[in-house]
Protein chains: 2
Amino acid sequence: MTDRDVAVEAGVSRATVYYVLNEDANHRIPDPTRQRVLDAVDKLRYVPFGPARMLRRGQSSVVLLLTHGLEHATDRVATDLVTALGAALESRGLHLVWQIDGEVGRDPSIDLAPVVVLSSAAPGEPDFARATADYPVPVLPAFPDLDRFTAAAAAAQAELAVGAGRTRLAYAALDEPALERSVALRREKVSGVAAAGRLPAVQTLLLGSTRDEARASLGAFLDQHPDVDVICAFNDEVAFRILAAARDLGIEVPSRVGVIGVDDLPFGAFTTPALTTVEPDLSSFVDAFADHIRRVCDGEEGEGPQLPTSFRAVRRGSL
Amino acid sequence: MTDRDVAVEAGVSRATVYYVLNEDANHRIPDPTRQRVLDAVDKLRYVPFGPARMLRRGQSSVVLLLTHGLEHATDRVATDLVTALGAALESRGLHLVWQIDGEVGRDPSIDLAPVVVLSSAAPGEPDFARATADYPVPVLPAFPDLDRFTAAAAAAQAELAVGAGRTRLAYAALDEPALERSVALRREKVSGVAAAGRLPAVQTLLLGSTRDEARASLGAFLDQHPDVDVICAFNDEVAFRILAAARDLGIEVPSRVGVIGVDDLPFGAFTTPALTTVEPDLSSFVDAFADHIRRVCDGEEGEGPQLPTSFRAVRRGSL
DNA sequence: CTGTTAGCGCTTTCAC
DNA sequence: GTGAAAGCGCTAACAG
């Protein structure tokens, strides 16, 4: 179905079809003609063909989000953000689509012709550079200043711990090389808060991946650092593993040691003890980010917003 | 950057550029010319413009996955499936992109021009019909015969329970109207297995959403049905909530009552007791599904594969 | 072996 | 108020 078909069906020219459909201000079409066109559109179920439109316009309304894998998908915070961003962009005439940026698909999916690309990688990382090379359009970080954001989460955890009267802080993460830099950064932040409160140095606990390994890691860690009285975990999942390990070891939470997560995943209310955690407020960021993306699409320059640094404490039983 | 620019830069015609780039078999281009073209492409960082290509071809290489929300994203099974499907389609020259099919965005995202649409809804559901109406291309269910699949999971749970010597089965799910049909279906399947083993009727437990409500629901249920000795949960998350409720009530798992989940989410190893669950094998389905999608793109008719019905039991402490 | 040319469907300027 | 025509960038049939 093309505009031609509609024109024939309605007995008018192709231009007239366009005037009716796009409500062209320079052309007032008499109602009977107008109606014939609209009827024809309905009857033929005509939908303009996107590629032709994009070719004419020179650009599309598609915003492409590239994430390395779906690890971000199972992260509740990221999915909330993506969902909210999609809605916010929609109301600005843009369409958010999501694609996995795998090793396999080295084809930059030319057919997509996005007007702007959002990369889950940070500027400077290989995936970000690759996106910049592959797409002849602006590439923005999907999670701007993620490091600052996660560091702020760590600081919020530490402040929560100190505020609760804990004095010997530890930081815990999974023992994965890929996470190393991020862990160092967050731990640094926790150390900063500890130092500001004249507390001793912050120790790092790297947790094994199986339950047995997790138990062994935690046991050894607490033997070596017996005065640690609170553990700030990388996220709620790590916190959950620590709770499991503590239970296996007969270590009491929160009396012997407190545990604090990040994200406020739904399961946090169902652990034993229930998980204390911190959670960001993303709503104002999302709108600002959508505005920024809109501006970038319009060719404007300028800095975009960064992820927020304020976190809300969710106090439950584990601290 | 257009092919014109490349042609000028290389000092050849536009057609020659095309012959070089697409390695046209009917035209052997001498190496020096060839090299000049390739150099020009590199120098100008030329990338063909997708929309023009699609317009010419009449169709794109984009497969659009529409999901109602991101509830599927936090479902590990679904994300595994999407990831694997994306890779499988990539190797067949197709590109999978994902878009949220929200109420907000009533614009059928015309710019996307997919060659086929995958809907998370099942044929017959409103979202599926909407996709069919909005897109002038074939629409397939993204999770073909999901009901059969989930029913098979329920059957696997029941068989696992019976195999372990349990005789009074219950089925548990969250108390949400949207899930009602699916819950009924799965419960039916559990009932079938029970009946086949000449066991008493299967009771249904609808769990409240907060922890307190969950405890109350479970307590009341077990008071009313004191001989129930195993609970098959809708999924691992529901199973986890049941474990929490049981702990709060001082009900011993698995001695007093066993608990079985579905999905084998990573946290299952870290609950107390660790969660027994069942898990599907999706690998062969993914390849078959990708083949089918490829065929549909090529205009062929025919039935596609269905989600598998065989599940692997993961035995841990909760049964 | 290389170049010219027509046309995909949509939009818009210009002429009637 | 309506229509004719050109052109976006890419591709492919056809001519040279």
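Side chains included, hydrogens not; waters and symmetry mates left out as well; all remaining heavy atoms used. As the structure is a computational prediction, the values presented were derived from the model and not from experiment.
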If only atom types and distance count, is the side chain of Arg148(A) paired as donor or acceptor with the main-chain N or O of Leu307(A) below 3.5 Å? yes

Please give, in whole Å, the distance from [N] [atom2] to [X] [atom1]?
X         : N      : atom1 : atom2 : answer
Asp111(B) : dG9(C) : CG    : P     : 17 Å
Asn22(B)  : dG9(D) : CG    : P     : 18 Å
Gln59(A)  : dG9(D) : CD    : C1'   : 16 Å
Met1(A)   : dG9(C) : CE    : P     : 11 Å

With sequence neighbours excluded, give me every salt bridge (charged side-chain N to carboxylate O under 4.0 Å, His left out) pair touching [range].
range                       : value
residues 15-32 of chain A   : Asp31(A)-Arg34(A)
residues 279-289 of chain A : Arg92(A)-Asp287(A), Glu279(A)-Arg312(A)
residues 119-128 of chain B : Asp127(B)-Arg130(B)

Name the nucleic acid region contacted by Arg28(A), choosing base, sugar-phosphate or nothing; use a 4.0 angstrom heavy-atom cut-off, strictly under.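 The answer is sugar-phosphate, as Arg28(A) gets under 4.0 Å only of primed atoms, P, OP1 or OP2.
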
Mind checking Arg14(A) for me? I need base, sugar-phosphate or nothing, with any heavy atom below 4.0 Å counting as a touch.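 Arg14(A): base contact, heavy atoms under 4.0 Å.
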
Residues of residues 48-58 of chain B with any non-hydrogen atom less than 4.0 angstrom from an atom of DNA chain C: list those, numerically ordered, please. Leu55(B), Arg56(B)

Output all residues satisfying side-chain hydrogen bond (donor to acceptor under 3.5 Å, both in side chains) with Asn235(A), sequence neighbours left out; order by chain, then residue number. none

Please write out the pairs of protein N or O atoms and N or O atoms of nucleotides 13-16 of chain C separated by less than 3.5 Å, giving the distance to one decimal.
residue, atom, partner, partner atom, Å
dT13(C), O4, Tyr19(A), OH, 3.1

Examine [N]: is either OP1 or OP2 under 4.0 Å from a nitrogen or oxygen in the side chain of [X]? Give yes or no.
X        : N      : answer
Thr16(B) : dG3(C) : yes
Ser13(A) : dG3(D) : yes
Thr33(A) : dT2(D) : yes

Can you sort out the partners of [X] under side-chain contact (heavy atoms from CB on, under 4.5 Å), two or more places apart, ordered by chain and number?
X         : value
Pro136(A) : none
Arg36(B)  : Ala10(B), Val12(B), Thr33(B)
Pro141(A) : Pro123(A), Phe128(A), Pro144(A)
Ser284(B) : none

What nucleotide, of dC10(C), dT11(D), dC1(C), holds the atom closest to the side chain of Asp3(B)? dT11(D)

Asp291(A) bridged to Arg295(A) by N-O distance under 4.0 Å: no

Please report, to 0.1 Å, the donor-acceptor pairs under 3.5 Å made by any side chain of residues 37-58 of chain B, with sequence neighbours excluded.
residue, atom, partner, partner atom, Å
Asp39(B), OD1, Gln35(B), NE2, 3.2
Lys43(B), NZ, Glu9(B), OE2, 2.9

Going by number, which of residues 34-46 of chain A have a non-hydrogen atom under 4.0 Å from DNA chain D? none

